[in-house]
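Comments concern the structure below.
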Amino acid sequence: MKFFIATDHAGVNIKPNIIEMLQNMGHEVVDLGPQDNSRVDYPDFAHKLCLEVLANDGSQGILICGTGIGMSLSANKHKGIRAALCHDAYTAQMARAHNNANVLCFGERVVGLGVAQSILNGWCQTNFEGGRHAQRVAKIEI
Ligand code: RB5
């Protein structure tokens, strides 16, 4: 899987660990920044990442800010992006299985490295179930 990843200043510290975790699982990761913890605006990075995910068929995105909330709100403004704010392995699994989410959001100030790893495992090991969920997902777009 090709992943794009972006954060704001409140999510940048955990980013190298997340990239390493994904690479250890065999995924390709493209880092869209930022590269230091200077203050930035999370919507700028959310929008940059969503354009890449939409332009690269089959890719997925990971957005990290302090809480994950601002990133998910921003990402979900894009038609075709289904960004899910996940707090644990269960929400990550359900975001993939039932919602066919293509962008994972979480908060560096909310989850530690252990929980982040379980979120990534849950996300990466779960496929969309389709079936009855497909018609519901199709209704998300208005
Ligand atoms: C930055 O202080 C913080 O507001 C941001 O990272 C995010 O949590 C917003 O939703």
Side-chain angles (χ1 to χ4, degrees), residues 1-130 133-142:
M1 175 68 63
K2 180 172 190 167
F3 279 98
F4 293 93
I5 188 167
T7 75
D8 70 355
H9 53 285
V12 75
N13 289 333
I14 203 172
K15 180 158 56 93
N17 302 93
I18 301 302
I19 291 173
E20 190 182 351
M21 288 174 192
L22 289 166
Q23 287 173 336
N24 286 342
M25 288 188 243
H27 300 295
E28 180 189 353
V29 187
V30 180
D31 182 358
L32 299 177
Q35 298 308 334
D36 61 42
N37 62 0
S38 310
R39 222 168 260 189
V40 293
D41 296 333
Y42 56 81
D44 294 338
F45 286 86
H47 295 321
K48 182 178 180 182
L49 179 136
C50 289
L51 294 177
E52 292 293 342
V53 170
L54 291 169
N56 287 270
D57 258 5
S59 69
Q60 295 182 351
I62 297 187
L63 289 169
I64 311 165
C65 61
T67 60
I69 296 171
M71 286 297 199
S72 56
L73 291 173
S74 305
N76 279 314
K77 294 294 180 187
H78 292 259
K79 191 175 172 63
I81 293 292
R82 292 173 300 282
L85 175 54
C86 298
H87 299 299
D88 47 35
Y90 180 72
T91 49
Q93 286 163 4
M94 289 301 105
R96 290 289 306 127
H98 287 191
N99 309 114
N100 200 16
N102 53 7
V103 174
L104 165 64
C105 304
F106 62 88
E108 181 185 304
R109 294 172 179 165
V110 181
V111 304
L113 279 179
V115 174
Q117 177 76 71
S118 66
I119 288 173
L120 292 179
N121 290 343
W123 180 275
C124 292
Q125 292 167 8
T126 310
N127 291 319
F128 181 46
E129 287 178 10
H133 301 295
Q135 86 191 42
R136 294 169 185 160
V137 169
K139 285 184 175 182
I140 293 174
E141 302 282 1
I142 52 171

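Given the structure is predicted, the values throughout are model-derived calculations rather than measurements. Any value given below was found using the heavy atoms of this structure, including those in side chains, with hydrogens, waters and symmetry copies removed. Atoms within a ligand are numbered from 1 in the order they appear, just like the ligands themselves.
Considering only residues two or more places apart in sequence or on other chains, K139 meets the salt bridge (charged side-chain N to carboxylate O under 4.0 Å, His left out) condition with none of them. Applying the side chain to side chain donor-acceptor pair (under 3.5 Å) criterion to H9, with sequence neighbours excluded, gives no partner residue.
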Which pairs of N or O atoms, one from ligand 1 and one from the protein, are separated by less than 3.5 Å, and what is the distance for each pair?
{"unit_1": "ligand 1", "atom_1": "2 (O)", "unit_2": "R109", "atom_2": "NH1", "d": "3.4"}
{"unit_1": "ligand 1", "atom_1": "6 (O)", "unit_2": "D8", "atom_2": "OD2", "d": "2.6"}
{"unit_1": "ligand 1", "atom_1": "6 (O)", "unit_2": "G66", "atom_2": "N", "d": "2.8"}
{"unit_1": "ligand 1", "atom_1": "8 (O)", "unit_2": "G66", "atom_2": "N", "d": "3.3"}
{"unit_1": "ligand 1", "atom_1": "8 (O)", "unit_2": "T67", "atom_2": "N", "d": "3.0"}
{"unit_1": "ligand 1", "atom_1": "8 (O)", "unit_2": "T67", "atom_2": "OG1", "d": "3.1"}
{"unit_1": "ligand 1", "atom_1": "10 (O)", "unit_2": "T67", "atom_2": "OG1", "d": "3.3"}
{"unit_1": "ligand 1", "atom_1": "10 (O)", "unit_2": "G70", "atom_2": "N", "d": "2.8"}

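Within a 6.0 Å sphere centred on CD of E20, other residues, nucleotides and ligands contribute 12 heavy atoms or fewer. Atom CG of N24 is surrounded by more than 12 heavy atoms from other residues, nucleotides or ligands within 6.0 Å.
In this structure, Q60 contributes its side chain and M1 its backbone to no donor-acceptor pair below 3.5 Å.
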Name each donor-acceptor pair under 3.5 Å that joins a side chain in residues 29-37 to protein atoms two or more places apart or in another chain, with its distance.
{"unit_1": "D31", "atom_1": "OD1", "unit_2": "K15", "atom_2": "NZ", "d": "2.8"}
{"unit_1": "D31", "atom_1": "OD1", "unit_2": "G33", "atom_2": "N", "d": "2.9"}
{"unit_1": "D31", "atom_1": "OD2", "unit_2": "K15", "atom_2": "NZ", "d": "2.8"}
{"unit_1": "D31", "atom_1": "OD2", "unit_2": "Q35", "atom_2": "NE2", "d": "3.4"}
{"unit_1": "D36", "atom_1": "OD1", "unit_2": "S38", "atom_2": "N", "d": "2.9"}
{"unit_1": "D36", "atom_1": "OD1", "unit_2": "S38", "atom_2": "OG", "d": "2.7"}

